[in-house]
Amino acid sequence: MTVHFPFQNSYSALPDSFFARVAPTPVAAPRLIKLNRPLARQLGLDPDMLETPEGAEILAGKTVPAGADPIAMAYAGHQFGNFVPQLGDGRAILLGEVIDRGGLRRDIQLKGSGPTPFSRRGDGRAALGPVLREYIVSEAMFALGIPTTRSLAAVVTGEHVIRETALPGAVLTRVASSHIRVGTFQFFAVRRDTDAIRRLADHVIARHYPDLLHAERPYHGLLAAVVARQANLVARWLLVGFIHGVMNTDNSSISGETIDYGPCAFMDAYNPSQVFSSIDEMGRYAYANQPRIALWNLTRLAECLLPLFSDDQEKAVAEAHDILGAFAETFSDAYQAGLRQKIGLFTTREGDEPLIQDLLDAMAKNQADFTLTFRKLGDAAGDPAADDARAQFMDPAAFDEWAKRWHERTALEPQSAAERQAAMHAVNPMFIPRNHRVEAVIQAAVNDDDYAPFEELVKVLAKPFEDQPDYAAYADPPLPDQRVLQTFCGT
Ligand code: AMP
Ligand code: MG
């Protein structure tokens, strides 16, 4: 028996300028530390086979499975606002694509599997810590219902990678509906290769936006569709307190999935200007700045598509401008609707927005925990005596004043207290990947080769909306000395 991947590759059939053919570099002693069995089944793979030594060799890049067509994808990108005409997969190799059980085409990519022609000065490798972080956070995002790339497996390579110190090396197997980024379009735009832009746009439409195949203006439709997906995605991030950390255009997916988990984190206390990434000194990618940056990235995408819009540059710019103009409303509608759900409103009334904003302002002023305030507000909806939400506020009186207005507002709706609580608990998670927990899991794995904390955290985060009383401590914010202030860019 061998491990069978039902590959059906399409990206590697595009012109040679789109990628470099390159095989993963074999590693010394691959050991599987985590396989996502349900995801494997979803992809039409046999989880038992992937758990054999041969499976681990494939997931570490030591053996290339039959049917794979390994490539490193070409892309450019704006990193912290500065344009780099060639980035590309420097430490990732796309093995190929499979059609999953739902009929969706999914990329299977190894991240950390050795150098490629795009590695520049990098070693093409990944350290164990960032691999575990990406595994934990991407799977938590999936469980929260937020569009994201997935993690199929994590493997240690038996080799060290040199960062500030020598660290255990690892490979993550990442699954995405595609790895095409805003930066992929930029790669061809900077080379003025309009044919390639059209080829790429056609590929993206067929793959991600098939409704546009017969549209009158498919490329305009493409920009509008990506704008809509990104606006909705960033709204979802804000509604769970997620900070991506490195929203460069090369980390901005055309399919609208969260991609490239580096120094990302969930906030504990609500603070709109929160930044985690150690390299984001200017706060460019701060929590509340994310919608603005998403629009900035989409504007870069629009620039790439202009030659497909019209030969008349002025007309093309005006059309792009109109399409980008929809971002603000799409984002705001999604964000406000999500917030209304978070405080248990079933209807929309005048005054809802200021009511919600006043809660957020009070939370910021009182360093209230973002996740617990909303989760416990659900309890307060069911039982007015429940005061855990109140307890999140440094000055609980600030909550009382707001809660009075909130109770008056909810009383205008016919739903029962139990119905409201259930609706709130279905959107306000109890468990998020708290940064101090993620760090503790990484320390145990890296320092002690102990993966039990990782397993337990992944298990708890798979059911974020369930109370799970046995694991209640995972819902707790960090104690002052547990607080993680910065998250380092994991490469
Ligand atoms: P990221 O921080 O993952 O968005 O990566 C930005 C760019 O740097 C991409 O082109 C990566 O492929 C490249 N890169 C990051 N880490 C490495 C590494 N260890 N070796 C080679 N290239 C890397
Ligand atoms: Mg990246």
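Quantities reported herein were computed from a predicted structural model and do not represent experimental measurements. Basis for what follows: all heavy atoms, side chains included, without hydrogens, waters or symmetry-related copies. Both counts, for ligands and for their atoms, begin at 1 and track the order of listing.
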Does the pair [X]/[Y] count as a salt bridge with the N-to-O cut at 4.0 Å?
X	Y	answer
E139	R150	yes
E51	R37	yes
R91	D123	no
R106	D100	yes
D268	R434	yes
R207	D107	yes
D195	R198	yes

The Mg ion (ligand 2) and D250: any N/O/S contact shorter than 2.8 Å? no

Taking N, O or S atoms only and a limit of 2.8 Å, check whether N248 reaches the Mg ion (ligand 2). no

Mark up the atoms of ligand 1 that fall under 4.0 Å of a heavy atom belonging to [X], in ascending order.
X	result
Q79	6 (C)
S119	21 (C), 22 (N)
R125	19 (N)
N251	4 (O)
G124	18 (C), 19 (N), 20 (N), 21 (C)
D260	3 (O), 4 (O)
R163	19 (N)

Run the contact test for V246 against ligand 1 with a 4.0 Å cut-off on heavy atoms, strictly below, and give the result. no

Test your reading of the structure: does K111 have an N or O sitting under 3.5 Å from an N or O of ligand 1? no

Nearest neighbour of atom 9 (C) of ligand 1 from the list P130, G77, G88, G112, on a heavy-atom basis: G88

Minimum non-hydrogen distance to atom 15 (C) of ligand 1, winning option of R91, R120, Q86: R91

Between the side chains of Y261 and N251, is a donor N or O closer than 3.5 angstrom to an acceptor N or O? no

Heavy-atom distances under 4.0 Å are what count here, so tell me which part of Y75 touches ligand 1: side chain, backbone, both or neither. side chain

Can you tell me how far OG of S252 sits from CD1 of I180, rounded to the nearest 0.5 angstrom? 13.0 Å

Tell me whether the rings of F7 and F5 are parallel (<30°), tilted (30 to 60°) or perpendicular (>60°). parallel

Quick one: the OD1 of N251, the Mg ion (ligand 2), OD2 of D260 angle, rounded to 10°, please. 80°

